[in-house]
Novice: 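Take a look at this one; I'll ask things after.
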Amino acid sequence: MKPSIPKGTRDFNPEQVLKRNYIFDTVRRVFIKYGFLPIETPVMETLDTLTGKYGEEGDRLLFKVLNNGDFMADADQAALETRDSRKLVSSISKRGLRYDLTVPFARFVVMNQNELSFPFKRYQIQPVWRADRPQKGRYQEFYQCDVDVVGSESLAYEAELIQIYDEVFAQLRLPVIVKYNNRKVLAGIAEAAGIPDLMVEMTVAIDKLDKIGMDGVKKELTERGIAETSIETITQILEIKDLDALETAFAKSEVGQKGIQELKAVQAYLQGYQASNELRFDITLARGLSYYTGCIFEVQAKNVAMGSIGGGGRYDNLTGVFGLPGVSGVGVSFGAERIYDVLEELKLFPTDQANTLKVLFMAFDAKAHQYAFNALGKMRAAGINADLYPDPVKLAKQMKYANNRNVPYVVLVGDNEMASGKLALKNMQTGEQQLLSIEEIIAVLGA
RNA sequence: GUGGUUAUAGCUCAGUAGGUUAGAGCACCAGAUUGUGGUUCUGGGGGUCGCCGGUUCAAAUCCGGUUAGCCACCCCA
């Protein structure tokens, strides 16, 4: 058979894994610094947990796991006869792969509510799955790095999450724009335009402003059944950049004013914070997921054409559907795959080799091979990443292997070396070679 | 779910008026070079031309179908 992997999935070679770990390690370090604790949840959740949380589109993109055993025995006969796949699913599948980390987290919080002390700050770095058509920067299996706080309405957390974004991307040396907005502001626009019921329709349209322009937005608003007078009001408000002016515009919208006050509170917390990246209020920012209710965030990489590389927001009642109402949460997510692609494109991955091989031993004959093996042990005991070519074959072959592995140093062992106790340490970059005792070599490479 | 595009050696790709044995570069193996690599030279192994069917004396090439990848839309990380 011809080997293959499922569409939208990838293998990662050693070089790629090292780079991915660089991202995960950076993100994790910052999460820990801000006082977040790690949890992990199963790759599979019950479909009851997952369905209905991501809208109709989300349900379609859920991976379902076929029931074990004789799953046809309990299959919905009526659905089978009418070939109704959607109806059939519930009778042959009771589990699915998680679609994101937020919903499983909400489930986790509800199940463990008596053991957790609130506010509970958790981070989670795990893969998620979506049965989407793959394309650039978009896969069916990908990692998310989530940080969320549940059990507090304090807007200090909004400010904190913005700082986390800022700090992570500063450490990755990747310039970004951290955009933020508030769902209540969007609701305010809808109210001011007299279309509170069409808020979702409206936000989907204005979210595309930077992509399709104001004329495109107007067209889309019209197509989504919004009246001309309302569109007029909406576009006028979208031109306003100043929070005070917006507050005036929301004179008749209580929710809109609330949103502005929240944004001002977040900005107040950030007063005096020295940001490394641009932090920008963006009234057109909408975000897809419908469960956000307060502040929303999105991160855009500069100097590169890529969708958002992170996003998140405040959700007032996420645990409500699992039977725990009134618990507020706020969190953000890092899109590790896209960050990877961006760092790669901008050549921002560090070249240090702390996690790779530092020295390769090679021997000229069987006796020297044993001698080298012994020296290798001392090297490793000293904490230096070291390896030995497995056979004393001709040197050209061993050297070639050293090149391919990108080893900075090799140590040659033969009769002369064994007799003198001084091994030949060769710098593969410069070609320089010197005779040193094993202790001296450890001192040189350990530094 | 909609549309576009591609499929030939391990990898990147050439190869159409259908016509002997399907090529190149890289990679791999051996030698030039029995204690010194990244350069060079010589030789070598490796392909049911995605799969199924059709047209034809003859198909990688033309036709139909099918599968998979990639890209865009929807949506999203």
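Reminder, nothing fancy here: chain letters follow the sequence lines and each chain counts from 1. Small disclaimer: the values here were computed from a predicted structure and weren't measured.
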Novice: Classify the side chain of A:Arg130 versus the base of B:C75 as yes if they form a donor-acceptor pair under 3.5 Å and no if they do not.
Specialist: no

Novice: Tell me: CD1 of A:Ile296 to C1' of B:C76, nearest whole Å?
Specialist: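 My rounded result for the distance is 15 Å.
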
Novice: Measuring only between side-chain heavy atoms, which start at C-beta, is A:Tyr315 closer than 4.5 Å to A:Asp148?
Specialist: yes

Novice: Below 3.5 Å, does any donor atom in the side chain of A:Glu417 face an acceptor in the base of B:G35, or the other way round?
Specialist: yes

Novice: Whether the A:Arg10 and A:Gln16 side chains hold a donor-acceptor pair (N or O, under 3.5 Å, no angle test) is what I'd like checked.
Specialist: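 On atom types as modelled, these side chains do not qualify, holding no pair under 3.5 Å.
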
Novice: Within this structure, what is the CZ-to-P distance between A:Arg338 and B:A77, rounded to whole angstrom?
Specialist: 8 Å

Novice: Please state whether the base of B:G37 and the side chain of A:Asn403 form at least one donor-acceptor pair under 3.5 Å?
Specialist: yes

Novice: Taking atom types as they are modelled, would you say the side chain of A:Lys426 forms a donor-acceptor pair with the base of B:U36 within the 3.5 Å cutoff?
Specialist: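 Indeed there is one.
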
Novice: Check whether any side-chain nitrogen or oxygen of A:Lys394 sits under 4.0 Å from OP1 or OP2 of B:U36, and answer yes or no.
Specialist: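 No, no such contact exists.
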
Novice: Regarding A:Glu298, tell me which of base, sugar-phosphate or nothing describes its non-hydrogen contacts under 4.0 Å with the strands shown.
Specialist: nothing

Novice: Atom CG of A:Leu360 to atom P of B:U36: distance rounded to whole Å?
Specialist: 17 Å

Novice: Taking atom P in both B:C63 and B:C28, compute the distance separating them and give it to the nearest angstrom.
Specialist: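 So the two P atoms sit 40 Å from each other.
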
Novice: Using atom C1' in both nucleotides, what's the gap between B:G18 and B:A60 to the nearest angstrom?
Specialist: 10 Å

Novice: Between A:Tyr180 and A:Glu158, do the side chains contain a donor N or O and an acceptor N or O under 3.5 Å apart?
Specialist: no

Novice: Using Watson-Crick or G-U wobble geometry with both distances below 3.5 Å, tell me the partner of B:U61, or none.
Specialist: none

Novice: Using the P atoms only, state how far B:A58 lies from B:C11, rounded to an integer number of Å.
Specialist: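 Comparing P positions in B:C11 and B:A58 gives a spacing of 33 Å.
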
Novice: Using centres under 5.5 Å plus planes under 30 degrees as the test, is A:Phe334 stacked with B:A77?
Specialist: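 So A:Phe334 does not count as stacking on the base.
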
Novice: Which part of the nucleic acid does A:Gly58 contact within heavy-atom distance under 4.0 Å: base, sugar-phosphate only, or nothing?
Specialist: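 Touches nothing.
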
Novice: Write down the distance between CG (A:Leu343) and P (B:A77), rounded to a whole number of angstrom.
Specialist: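 Taking CG of A:Leu343 and P of B:A77, I get 19 Å after rounding.
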
Novice: Between A:Gly335 and A:Arg133, which is nearer to the 5' end of RNA chain B once each is assigned its nearest nucleotide?
Specialist: A:Arg133

Novice: Please state how far atom CG in A:Leu61 lies from atom P in B:U2, giving the value in whole angstrom units.
Specialist: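 After rounding, the reported distance stands at 14 Å.
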
Novice: Using atom P in both nucleotides, what's the gap between B:G10 and B:G19 to the nearest angstrom?
Specialist: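 Those two atoms are separated by 24 Å.
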
Novice: Base, sugar-phosphate, or nothing: which does A:Val410 touch, judged by heavy atoms less than 4.0 Å apart?
Specialist: nothing

Novice: Which nucleotide wins on minimum distance to the side chain of A:Gln135, given the candidates B:G35, B:U36, B:C71?
Specialist: B:C71

Novice: Which listed nucleotide (B:G35, B:C28, B:C74) is nearest to the side chain of A:Asp415?
Specialist: B:G35

Novice: Distance only, no hydrogens: is a donor on one side chain within 3.5 Å (strictly under) of an acceptor on the other, for A:Gln124 and A:Arg122?
Specialist: yes

Novice: Write down the distance separating the C1' atoms in B:C76 and B:U61, rounded off to the nearest Å.
Specialist: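 Their C1' atoms lie roughly 41 Å apart.
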
Novice: With a non-hydrogen cut-off below 4.0 angstrom, is A:Ser308 in contact with a base, only sugar-phosphate, or nothing?
Specialist: sugar-phosphate

Novice: Quick one: which of B:C75, B:G37, B:U36 gets closest to the side chain of A:Asp132?
Specialist: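 From the listed options, B:C75 comes nearest.
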
Novice: On a plain distance test, is the side chain of A:Asn416 in donor-acceptor contact with the base of B:G35 below 3.5 Å?
Specialist: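 Yes, the side chain and the base share a sub-3.5 Å donor-acceptor pair.
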
Novice: Which base, if any, makes a Watson-Crick or G-U wobble pair with B:C75, both distances under 3.5 Å?
Specialist: none

Novice: Nearest-Å distance, CG (A:Asn406) to C1' (B:G37)?
Specialist: 12 Å

Novice: Which base, if any, makes a Watson-Crick or G-U wobble pair with B:G31, both distances under 3.5 Å?
Specialist: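 Its partner is B:C41.
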
Novice: Taking only the side-chain heavy atoms of A:Arg224 (C-beta and beyond), determine which of B:C75, B:U36, B:G1 contains the nearest atom.
Specialist: B:C75

Novice: Please check this pair: side chain of A:Arg183 against backbone of A:Ala286, looking for a donor-acceptor N/O pair closer than 3.5 Å.
Specialist: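 Yes, because the side chain of A:Arg183 sits within donor-acceptor range (under 3.5 Å) of the backbone of A:Ala286.
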
Novice: Below 4.5 Å, heavy atoms only, C-beta onward: do A:Leu435 and A:Ser420 meet side chain to side chain?
Specialist: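 Not in contact.
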
Novice: Quote, to the nearest angstrom, the C1' distance that separates B:C62 from B:U55.
Specialist: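 About 8 Å, rounded to a whole number of Å.
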
Novice: Within this structure, what is the CE-to-P distance between A:Met399 and B:U39, rounded to whole angstrom?
Specialist: 13 Å

Novice: Please classify the nucleic acid contact of A:Met428 as base, sugar-phosphate, or nothing, using heavy-atom distances under 4.0 Å.
Specialist: base

Novice: Quick one: look up who B:A7 pairs with, Watson-Crick or G-U, both distances under 3.5 Å, and put none if it's unpaired.
Specialist: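 Base partner found: B:U67.
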
Novice: When you compare the side chains of A:Tyr269 and A:Gln163, does any donor N or O come within less than 3.5 Å of an acceptor on the partner?
Specialist: no

Novice: What I'd like to find out is whether the side chain of A:Val217 reaches to under 4.5 Å of the side chain of A:Thr235, using heavy atoms alone.
Specialist: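 A side-chain contact under 4.5 Å is absent here.
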
Novice: What's the CZ-P distance between A:Arg405 and B:A27, to the nearest Å?
Specialist: 19 Å

Novice: Suppose we call a contact any N or O donor and acceptor under 3.5 Å apart; does that hold for the side chain of A:Arg138 and the base of B:C75?
Specialist: yes

Novice: Under 4.0 Å between any heavy atoms, over every strand shown, what does A:Gln433 touch: base, sugar-phosphate, or nothing? Just pick one.
Specialist: base

Novice: With rounding to whole Å, what would you report as the distance between B:C75 and B:A68 at their C1' atoms?
Specialist: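 Result for the C1' pair: 23 Å, nearest Å.
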
Novice: Taking the nucleotide of RNA chain B with the closest heavy atom to each, which residue, A:Lys400 or A:Thr430, is nearer the 5' end?
Specialist: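 Whichever sits nearer the 5' end wins; that is A:Lys400.
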
Novice: Please state the P separation for the pair B:U66 and B:U56 - nearest whole angstrom.
Specialist: 23 Å

Novice: Is the shortest heavy-atom distance from the side chain of A:Asn427 to the side chain of A:Tyr409 under 4.5 Å?
Specialist: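 They are in side-chain contact.
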
Novice: Would you classify A:Asn404 as touching base, sugar-phosphate or nothing, given that sugar-phosphate means primed atoms plus P, OP1 and OP2, and contacts are heavy atoms under 4.0 Å?
Specialist: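 Answer is sugar-phosphate: A:Asn404 comes under 4.0 Å of backbone atoms only.
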
